[in-house]
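All values reported here derive from a predicted model rather than from experimental measurement. FYI, side chains are in, hydrogens and waters are out, and symmetry mates aren't considered; it's all heavy atoms of this structure.
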Amino acid sequence: MTQGNDGWVKTTCAYCGVGCGVEARPTLSGELEIRGDQSHPSNYGKLCTKGIALGETVIQDGRLLYPTLKAAGSEKKIDWTAATSMVATKFAETIKEHGPDSVAFYVSGQLLTEDYYVANKLIKGFMGTANIDSNSRLCMASSVVGHKRAFGTDTVPVCYEDLEQAELVVLVGSNLAWCHPVLFQRLRIAKQNNDNLKVVVIDPRKTESNEIADLHLGIESGSDVALFNGLLSYLDDHDCLGEGFIEQHTNGFVEALLLAKQEQSVAKTTGLQEEELDAFYRLFATNSKVVTVYSQGVNQSTSGADKVNSILNCHLATGKIGKPGCGPFSVTGQPNAMGGREVGALANMLCGHMELDNPGDHHRVSEFWGAPDLASKPGLKAVDMFDAMADGKIKAVWIMATNPAVSLPNSNKVKAALEACPFVVVSDCIAQTETTALADLVLPVQGWSEKSGTVTNSERRISRQRRILPSPGLAKPDWWVISQVAQKMGFAEAFDYLHEGEIFREYAQLTTLDNENGERDFSLIGLSRLDDQGYSVLKPQQWPVIEQQDKVVNKRFFADGHFYTQDGRACFIPVNHRAPQSATNGDYPLLLNSGRVRDHWHTMTRTGLAAQLGEHMPEPYVLVHPETAQRYKLQEKSIAKLSSAHGHCLAKVMLSTDQKVGELFVPIHWNGLTAKNSKPCNLIAPYIDSVSGQPEFKHTPVKIEACDYKSQALFTTRTPIALDDVEYWARQKIQDGYAYHIQSTLEPRALEQTLMSYIESEGRLIQYDDGEQSFVTQFMLTNALRLEQLVVVKSQFPLGEVERYITQFNQSLQDEELPPFCIQDQEMVV
């Protein structure tokens, strides 16, 4: 059932790759009630804080409602016919004049599979270029390479239930507690129910995942290959290899082991004590059921693919793969990063786990699509794509459901590339992002709760996202917009879709080509004849889907020892430790790591709309060890400036002994629309893994210095404002409004005068203080019962006082009651 008699609609969460089932129900006021879907096998009714708050994020604040043409500083609303005709004409003219490789798509794991499929089909099949890449390049590309090198295909072999059946779970570069909270809840409950289950956390810093850890290995940044090469050597030295598995099902073990044994001083490279290494190695060697969960701390590295293979080598060497409670487990960051990989929406892949450079695969897809001009060589990966834009080689780009001006490294260069590109199209549901600001044409598309399609989670489980609310303005599905452009480019027959179910059925049929007996890992043959009603009520399906699954299925790959290489045997990949491309020095002596916080997501365009999510971490921050803070004269909750060779950003200092001395951590979420000068990607160099193309986000040399700010302020308002004249501000969503946390080099009275210019031009101004000369507080009222704006300026806020003022702002005044300490009450126009 997709909808019960009580109005609850089954859908899927919009955030991480766990892919939690959600039930949503519209209320009479137009809001959404949210609860977990107890029947969904990913979460069985559990939701994290972000999932619980999904209903708060469907408000219309900041929505993009109409196709908008931008030119010479002005904006003009146009209709869909004009908008899609313009895109079609511009791309066709660019291809005619400069060739197919002069155009590009940059897409996103926020797209549904049907959107992804149509975008990939258009650019590769009919525009004739593979210049399509996804923000999943920033997330999972190194895992894709590692899987393909070892297994022959991009295959995740495990299921979520393996976490509950394991004897040892190793978390490598994964703060599962904050980044995949429902999986962490499942692991924590499994540990509570099984005293024999051990958990090892491998991370340079102590994270919230350490709550359930039996062992924490605080390795040196970038030293994962050395650690796992050391493990491979230990397994050999202590006769803990799966020799029968190695002999029957793998190639290349001797070469991989020889290189691993050349690793010099694992303890020195990793920064660990010998007894720590021995404890971890013994746990891995002596437990027969081991799951290694890894994520961005492994992938986001200039040696990310080698890190992945160093992990896979250890599982292959012991045969701890393909069995319950065993296997390497790459957990994805976005709700449909896996779906994007399945449809081939990366620059070096074809659809359905087929390959651009495989003649048979190329022929199958070309014939199936009726696309004789199907791209035949890999396109440009994300960082290279924007470099080509900056160099004038890419002359038209279409960006879909992502915000590269914030999320890609070296933000200043990305901005310059988009400014240089002659034609930039952005499809989004949010009107103002740092990327839409650089577009020539912005297209309004549906957001979560409005669009319909499928997503695939980290355990290969396909789930439906369903339409619950009407689309605001002229917002349309991404697949519809792409199809309209394709039709206007002359490809109407190939893109004549009536609804997303037709797209899914075509996609499922493509996966069956010469794949009737499982020649490829990815097959949806059991869904290839799905009718419209079947698609509408589709339950979660874990691929490969040989027959439609009416009950929960948990399938593991490689249980039979068969892999998808040419000879059916897995490949060991010899790897050796290589230091990260950048290193600290006298100018930049500190090492910066980046990641997520519990309650925010990517660039906050969705989570930034939920008041309860803003309470956890209302401002951008930098975690600093107290000794480091003392060395650089940093005070708790003061603002610090971080600088690298590429830029700078501002963040509030938070002291933590969980950080190593000399190392810093900043969250990735804040950007130019949610804070002033607080975008971490300003700092990060565009260094990439040479094979996967994935950037290094975890290892940036920086310096840090205290900002000499003399005053603080809180500015609460019902609608967003642009505080251009303030050195530092951060915006927090609160009940029925926004709170701006401000710090300045001005004295309090001077800051007060600056902020007065942002007071609304009409209403009743009430000014008061409590006798201290260090602050003035002002209220703006347009009626007697509601504060429209509140400004509080001080030299420093006592603990808890900001929260008190926000509470006061959210409350209605009674009749003509004035706040305490009133010294002025007058009608005025500011």
Q: Has Q38 got more than 12 heavy atoms of other residues, nucleotides or ligands less than 6.0 Å from its CD?
A: no
Q: Which heavy atom of L54 sits nearest to which heavy atom of R606, and what is that distance?
A: CD2-CD, 4.3 Å
Q: Would K121 count as a cation-pi partner of F126, with NZ or CZ less than 6.0 Å from the six-membered ring centre and within 45° of the ring normal?
A: no
Q: Work out which heavy atom in N517 is nearest to a heavy atom in E519; give both atom names and the distance.
A: N-OE1, 3.1 Å
Q: Taking atom NZ of K46 as the centre, report whether more than 12 heavy atoms of other residues, nucleotides or ligands fall under 6.0 Å from it.
A: no
Q: Could you measure the distance from the CD1 atom of I525 to the CZ atom of R529? Nearest 0.5 Å is fine.
A: 7.0 Å
Q: Let's go through R460 and F522 carefully: what are the C-alpha distance in whole Å and the side-chain angles of both, what is the deciding distance for side-chain contact (heavy atoms from CB on, under 4.5 Å) to 0.1 Å, and is it a yes or a no?
A: CA-CA 10 Å; R460 314 183 316 277; F522 183 62; over 6 Å; no
Q: For the atom pair CD (Q465) and OG1 (T113), what is the distance rounded to the nearest 0.5 Å?
A: 9.5 Å
Q: Is a side-chain N or O of H362 found less than 3.5 angstrom from the main chain of L374, in a donor-acceptor match?
A: yes
Q: Minimum heavy-atom separation for G51 to I34, with atom names?
A: O-CG2, 3.4 Å
Q: Using side-chain heavy atoms (C-beta onward) and a distance below 4.5 Å, is W178 in contact with C48?
A: no
Q: Quick one: are V485 and W398 in side-chain contact, heavy atoms under 4.5 Å?
A: yes
Q: Got a salt bridge between E355 and K148, using NZ or NE/NH1/NH2 to carboxylate O under 4.0 Å?
A: yes
Q: Between H602 and S407, is there a side-chain donor-acceptor contact under 3.5 Å, judged purely by atom types and distance?
A: no
Q: So R556 and E161, salt bridge (charged side-chain N to carboxylate O under 4.0 Å, His left out) or not? Walk me through it.
A: CA-CA 10 Å; R556 294 169 186 84; E161 70 171 13; 2.7 Å; yes
Q: Taking the six-membered ring for Trp, are W479 and Y497 parallel (under 30°), tilted (30 to 60°) or perpendicular (over 60°)?
A: perpendicular
Q: Does R461 make a cation-pi contact with Y160 (under 6.0 Å, within 45 degrees of the axis)?
A: no
Q: Mark yes or no for whether R598, through its side chain, and C179, through its backbone, hold a donor-acceptor pair below 3.5 Å.
A: no
Q: Decide yes or no on salt bridge (charged side-chain N to carboxylate O under 4.0 Å, His left out) for D162 and K323, but give the supporting numbers first.
A: CA-CA 9 Å; D162 288 319; K323 297 178 289 188; over 6 Å; no
Q: Please assess S108 against Y116 for the test side chain to side chain donor-acceptor pair (under 3.5 Å), listing each intermediate value before the final yes or no.
A: CA-CA 8 Å; S108 163; Y116 251 140; 5.7 Å; no
Q: For P335 versus Q110, what's the shortest heavy-atom pair and its separation?
A: CD-NE2, 3.3 Å
Q: Spell out, as yes or no, whether a donor-acceptor pair under 3.5 Å connects the side chain of S209 to the backbone of A177.
A: yes
Q: Quick check: closest heavy atoms across V107 and T402, and the distance to 0.1 Å?
A: O-CG2, 3.9 Å
Q: Is a donor from one side chain sitting under 3.5 angstrom from an acceptor on the other, for N175 and R596?
A: no
Q: Could you go step by step and tell me if D599 and K50 meet the salt bridge (charged side-chain N to carboxylate O under 4.0 Å, His left out) rule?
A: CA-CA 6 Å; D599 289 359; K50 293 188 291 292; 5.8 Å; no
Q: For the residue pair F558 and F563, is the inter-centroid distance of their aromatic rings smaller than 6.0 Å?
A: yes
Q: Give a yes or no on whether the backbone of T512 and the side-chain of R520 come within a donor-acceptor separation of less than 3.5 Å.
A: no
Q: So V308 and V145, do their side chains get closer than 4.5 Å, heavy atoms only?
A: no
Q: Going from CG on N515 to OG on S528, what distance comes out if it is rounded to the nearest 0.5 angstrom?
A: 11.0 Å
Q: Applying side chain to side chain donor-acceptor pair (under 3.5 Å), run through T456 and E342 and close with a yes or a no.
A: CA-CA 9 Å; T456 308; E342 292 161 4; 3.0 Å; yes
Q: Is any NZ, NE, NH1 or NH2 atom of the basic residue among K539 and D550 found under 4.0 Å from an Asp or Glu carboxylate oxygen of the other?
A: no
Q: Within a 6.0 Å radius of atom CD on Q566, are there more than 12 heavy atoms belonging to other residues, nucleotides or ligands?
A: no
Q: Taking the side chain from D478 and the backbone from S427, do they hold a donor-acceptor pair closer than 3.5 Å?
A: no
Q: Is NZ or CZ of R464 both nearer than 6.0 Å to the six-membered ring centre of Y535 and within 45° of the ring axis?
A: yes
Q: Which atoms form the tightest heavy-atom contact between V172 and T292, and what is the distance?
A: CG2-CG2, 3.7 Å
Q: Measuring centre to centre across the rings, with the benzene-like ring taken for any Trp, is F557 within less than 6.0 Å of W543?
A: yes
Q: Short question: side chain of T565, backbone of G568 - any donor-acceptor pair under 3.5 Å?
A: yes
Q: For the aromatic rings, using the six-membered ring if either is Trp, is the centroid distance between Y117 and Y507 under 6.0 Å?
A: yes
Q: Are H600 and T607 close enough that a side-chain donor and a side-chain acceptor fall under 3.5 Å?
A: yes
Q: For the pair H147 and T153, evaluate side chain to side chain donor-acceptor pair (under 3.5 Å) and give the outcome as yes or no after the intermediate values.
A: CA-CA 6 Å; H147 291 156; T153 49; over 6 Å; no
Q: Decide side-chain contact (heavy atoms from CB on, under 4.5 Å) for Q296 and F697; before the verdict, give the C-alpha distance in whole Å, the side-chain angles of both, and the deciding distance to 0.1 Å.
A: CA-CA 9 Å; Q296 310 314 342; F697 285 101; over 6 Å; no
Q: Judged by atom type as modelled, is there a donor-acceptor pair below 3.5 Å linking the side chain of S366 to the main-chain atoms of A371?
A: yes
Q: Assess whether a salt bridge exists between R505 and D532, defined as any Lys/Arg side-chain N lying under 4.0 Å from an Asp/Glu carboxylate O.
A: yes
Q: If only side-chain N and O atoms count, and only distance matters, is there a donor-acceptor pair under 3.5 Å linking Q694 with S142?
A: yes
Q: Decide whether R137 and N348 meet the rule of one side-chain donor and one side-chain acceptor closer than 3.5 Å.
A: yes
Q: Using the rule given for side-chain contact (heavy atoms from CB on, under 4.5 Å), can you reason through E459 versus S42, listing the C-alpha separation, both sets of side-chain angles and the distance that settles it, and then say yes or no?
A: CA-CA 9 Å; E459 64 166 351; S42 295; 4.0 Å; yes
Q: Using a cut-off of 6.0 Å, state whether more than 12 heavy atoms not belonging to H363 lie near its atom NE2.
A: no
Q: Quick check for you: to the nearest 0.5 Å, what is the distance between I462 atom CD1 and T454 atom OG1?
A: 6.5 Å
Q: What distance separates N554 CG from Q165 CD, expressed to the nearest 0.5 Å?
A: 8.0 Å
Q: When you compare the side chains of H353 and D521, does any donor N or O come within less than 3.5 Å of an acceptor on the partner?
A: yes
Q: Are L538 and L527 close enough, and set up right, to give a side-chain contact (heavy atoms from CB on, under 4.5 Å), and what steps lead you there?
A: CA-CA 10 Å; L538 187 66; L527 303 176; 4.0 Å; yes
Q: Between the side chain of H315 and the main-chain N/O of K320, is any donor-acceptor distance below 3.5 Å?
A: yes
Q: Could you state the interatomic distance from CG (D428) to CG (L443), rounded to the nearest 0.5 Å?
A: 10.0 Å
Q: Please check if the side chain of D37 supplies one atom and the backbone of G45 the other of a donor-acceptor pair under 3.5 Å.
A: no
Q: Report yes or no: does E450 contribute a side-chain atom to a donor-acceptor pair with the main-chain N or O of G447 at less than 3.5 Å?
A: yes
